[in-house]
A.B. asks: 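Shown below is the structure under consideration.
In this text, all values refer to a predicted model and were calculated from it rather than measured experimentally. When a residue number appears, it is its place in the shown sequence, counting from 1.
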Amino acid sequence: MVASALRRGAHAYVYLVSKASHISRGHQHQAWGSRPAAAECAAQRAPGSVVELLGTSYPQDDYSNLTRKVLTRVGRNLHNQQHHPLWLIKERVKEHFYKQYVGRFGTPLFSVYDSLSPVVTTWQNFDSLLIPADHPSRKKGDNYYLNRTHMLRAHTSAHQWDLLHAGLDAFLVVGDVYRRDQIDSQHYPIFHQLEAVRLFSKHELFAGIKDGDSLQLFEQSSRSAQKQETHTMEAVKFVEFDLKQTLTRLVAHLFGDGLEIRWVDCYFPFTHPSFEMEINFHGEWLEVLGCGVMEQQLVNSAGAQDRIGWAFGLGLERLAMILYDIPDIRLFWSEDERFLKQFRVSNMNQKVKFQPLSKYPPMINDISFWLPSENYAENDFYDLVRTIGGDLVEKVDLIDKFEHPKTHKTSHCYRITYRHMERTLSQREVRHIHQALQEAVVQRLGVEGRF
């Protein structure tokens, strides 16, 4: 399911392995943006060309839009690197579920899948989750497509149907997910999600309830704000109670007892009713996850017609930034020992407060250009900035928008903040990167430069 919530148009679910065979360690180190050559702009598409990823060749077409920047991240699996802050969060959640939820034979009730390939079909990512064909979350401008039929998953929910179809009724999925987005300290084109699903039979849901044998999971009625048309009100209320109790226990395990929690009604295509959980942390209300009662149509299509269930999803970076006081999402990709050693703890549950590395000075450059008459997408520009500047780019702000009164052409001016996380940048290297970006936006986006 999803970590927070993808709010594109009509609130879609927010948008997750082995190593990419063609990626070298040298490429991974380039992620800090030290080599902004024009050839690095994108995985170039040519007639009949293919992209090699995780040992498989994918033919490219008019939907192919993976950049080399993103390709160098596939296979890093930060959530599986021991003592990485994302690994710590994952392991703490796993430990909690293993201890709290035990099956009939003393084994963990929930199975865990944290190495599923991030390459999925568009059917897995969208159709299996009942996301309509015209839903804005499918846009090429918001996702990374290998071609029209395959993509890098935009959420871990892409594996939900397959695992249900395999007969599983309680599982966690953890992995890297990919989404084209804005550039700031909270957003990165690759992040990590943890998702959980649990199904109940009639006996399991109503066990221990007085006169439980007379209660039913299903009925044929009308859909309302409180329930789906196929669910009884009793079944929905019991599932909702179990879901919220499960999540309340989880956040208490992560943040400590006494945490103030509130639930906000929301919309996701594959759960109803749906909720976001917010916590009051240091006096500020923060959204930490999305959840809900699974759409029965999805459950039925996967072959579990006699069961009802819940699902939730959370973002590992989001939790780690709150728990460990990490200020910038780029830090999760750092190989700086000063960052990594802070999370080598003997007990994964001990408190860790990130001690900032030296704050190196920013360097700011503006770029402005006239937009083409059509086919300009802001996420294309952000992707190009990430590809050329890498993780040297701290944030990008649109500071001015102007429409010429006679030509009606539109001009955008963006302010780009460059800052290295580990050293001071020189004027010369930033100028080199910025000039490469100016050339690339003209060549690849068809804009008219004003520089």
Side-chain angles (χ1 to χ4, degrees), residues 7-9 30-45 65-70 136 139-144 179-190 327-330 359-421 423-451:
R7 292 190 180 84
R8 309 231 185 200
Q30 281 171 230
W32 288 105
S34 58
R35 207 158 65 92
E40 296 296 313
C41 285
Q44 298 286 343
R45 188 176 76 247
N65 65 352
L66 261 69
T67 64
R68 291 200 174 114
K69 163 78 174 177
V70 170
K139 287 191 305 183
K140 179 179 173 181
D142 289 346
N143 300 284
Y144 287 105
R179 183 152 40 99
R180 304 177 80 196
D181 216 331
Q182 64 200 79
I183 301 177
D184 58 34
S185 63
Q186 303 290 320
H187 295 88
Y188 201 79
I190 307 98
D328 193 311
I329 196 169
R330 294 176 299 161
K359 188 80 167 180
Y360 295 99
M363 304 199 70
I364 297 172
N365 282 264
D366 294 346
I367 183 171
S368 59
F369 44 78
W370 295 107
L371 305 189
S373 57
E374 57 185 16
N375 297 328
Y376 175 79
E378 200 159 46
N379 279 345
D380 288 340
F381 173 67
Y382 292 145
D383 243 12
L384 200 55
V385 174
R386 288 192 191 278
T387 300
I388 300 293
D391 288 348
L392 297 182
V393 180
E394 182 174 83
K395 65 177 179 176
V396 177
D397 296 310
L398 177 61
I399 60 171
D400 185 59
K401 187 185 292 188
F402 168 72
E403 181 176 325
H404 195 284
K406 293 184 178 179
T407 65
H408 299 293
K409 293 173 66 175
T410 299
S411 169
H412 280 187
C413 180
Y414 296 90
R415 178 153 293 164
I416 302 176
T417 302
Y418 298 91
R419 191 199 310 261
H420 204 296
M421 306 290 285
R423 63 177 175 81
T424 299
L425 289 169
S426 70
Q427 286 277 4
R428 180 180 178 183
E429 61 185 318
V430 170
R431 185 168 59 250
H432 179 58
I433 295 168
H434 202 70
Q435 287 175 348
L437 177 61
Q438 290 173 333
E439 295 172 8
V441 294
V442 172
Q443 294 171 5
R444 298 194 56 78
L445 302 185
V447 304
E448 181 185 340
R450 301 182 66 191
F451 28 81

A.B. asks: Hey, are the side chains of Lys69 and Asp391 touching, using non-hydrogen atoms and a 4.5 Å cut-off?
C.D. replies: yes
A.B. asks: Output, in order, the C-alpha distance, side-chain angles, deciding distance and verdict of side-chain contact (heavy atoms from CB on, under 4.5 Å) for Val442 and Phe369.
C.D. replies: CA-CA 9 Å; Val442 172; Phe369 44 78; over 6 Å; no
A.B. asks: Are any of the side-chain heavy atoms of Val393 and Tyr418 separated by less than 4.5 Å?
C.D. replies: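 With C-beta onward as the side chain, the pair touches.
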A.B. asks: Say you draw a straight line from CD1 of Ile364 to NE2 of His434; how long is it, rounded to the nearest 0.5 Å?
C.D. replies: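 Answer rounded to 0.5 Å: 11.5 Å.
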A.B. asks: CG/Asn379 to CG/Asp181 distance, rounded to the nearest 0.5 angstrom?
C.D. replies: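 That separation rounds to 6.5 Å.
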A.B. asks: Once ring pair (Phe, Tyr, Trp, His ring centres under 6.0 Å) is applied, do any residues pair with Tyr382, and if so which ones, sequence neighbours excluded?
C.D. replies: none
A.B. asks: Which heavy atom of Met363 sits nearest to which heavy atom of Leu425, and what is that distance?
C.D. replies: SD-O, 3.7 Å
A.B. asks: Quick check for you: to the nearest 0.5 Å, what is the distance between Lys395 atom NZ and Arg415 atom CZ?
C.D. replies: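 Result: 9.5 Å between the selected atoms.
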A.B. asks: Compare every heavy atom of Ser368 with every heavy atom of Phe451, then report the nearest pair and how far apart it is.
C.D. replies: CD2-O, 3.4 Å
A.B. asks: List the atom of Thr424, the atom of Pro361, and the distance in Å for their closest heavy-atom pair.
C.D. replies: OG1-CD, 3.9 Å
A.B. asks: From the options Leu398, Ile367, Val447, select the one residue that forms a side-chain contact (heavy atoms from CB on, under 4.5 Å) with Phe381.
C.D. replies: Ile367
A.B. asks: Inspect the surroundings of CD in Glu403 and state if more than 12 heavy atoms from other residues, nucleotides or ligands are less than 6.0 Å away.
C.D. replies: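 Yes, the 6.0 Å shell around CD holds more than 12 heavy atoms from other groups.
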A.B. asks: Strictly distance-based, threshold 3.5 Å: is any side-chain N or O of Asp328 a donor or acceptor partner for the main-chain N or O of Arg330?
C.D. replies: yes
A.B. asks: How many angstroms lie between CD1 in Ile183 and CD in Glu394, if you round to the nearest 0.5 Å?
C.D. replies: 11.5 Å
A.B. asks: Does a side-chain N-to-carboxylate-O contact under 4.0 Å join Lys401 and Glu378?
C.D. replies: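 Salt bridge between Lys401 and Glu378, a charged N being under 4.0 Å from a carboxylate O: no.
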A.B. asks: Would you name the heavy atoms of Pro189 and Val70 that are closest together and state the gap between them?
C.D. replies: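 Answer, listing the atom of Pro189 first, then Val70: CB-CG2, 4.5 Å.
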A.B. asks: Any donor-acceptor pair under 3.5 Å linking the side-chain atoms of Arg386 with those of Thr67?
C.D. replies: no
A.B. asks: Taking the side chain as everything from C-beta on, heavy atoms only, tell me whether Leu437 gets closer than 4.5 Å to Val441.
C.D. replies: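 SC-SC contact between Leu437 and Val441 confirmed.
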A.B. asks: Is the backbone of Cys413 close enough, under 3.5 Å, to the side chain of Asp400 for a donor and an acceptor to pair up by distance?
C.D. replies: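 No: the side chain of Asp400 does not pair with the backbone of Cys413.
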A.B. asks: Restricting to non-hydrogen atoms, name the atom on Ala436 and the atom on Ile388 that form the minimum distance, rounded to 0.1 Å.
C.D. replies: CB-CG2, 4.0 Å
A.B. asks: Got a donor-acceptor contact below 3.5 angstrom from the Asn65 side chain to the Asn143 backbone?
C.D. replies: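 Present.
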A.B. asks: If only atom types and distance count, is the side chain of Arg68 paired as donor or acceptor with the main-chain N or O of Thr387 below 3.5 Å?
C.D. replies: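 No, Arg68 side chain to Thr387 backbone: no donor-acceptor pair under 3.5 Å.
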A.B. asks: Considering non-hydrogen atoms only, spot the tightest contact between Thr417 and Pro362 and give its length.
C.D. replies: CG2-CB, 3.8 Å
A.B. asks: Tell me, please, which residues at least two apart from Asp380 pass side chain to side chain donor-acceptor pair (under 3.5 Å).
C.D. replies: Arg180
A.B. asks: Report yes if the side chains of Phe402 and Pro405 come closer than 4.5 Å at any heavy-atom pair, otherwise no.
C.D. replies: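 Sidechains of Pro405 and Phe402: in contact.
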A.B. asks: Could you give the distance from NZ (Lys359) to CE (Met421), rounded to the nearest 0.5 Å?
C.D. replies: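 Nearest 0.5 Å value for the NZ-CE distance: 7.0 Å.
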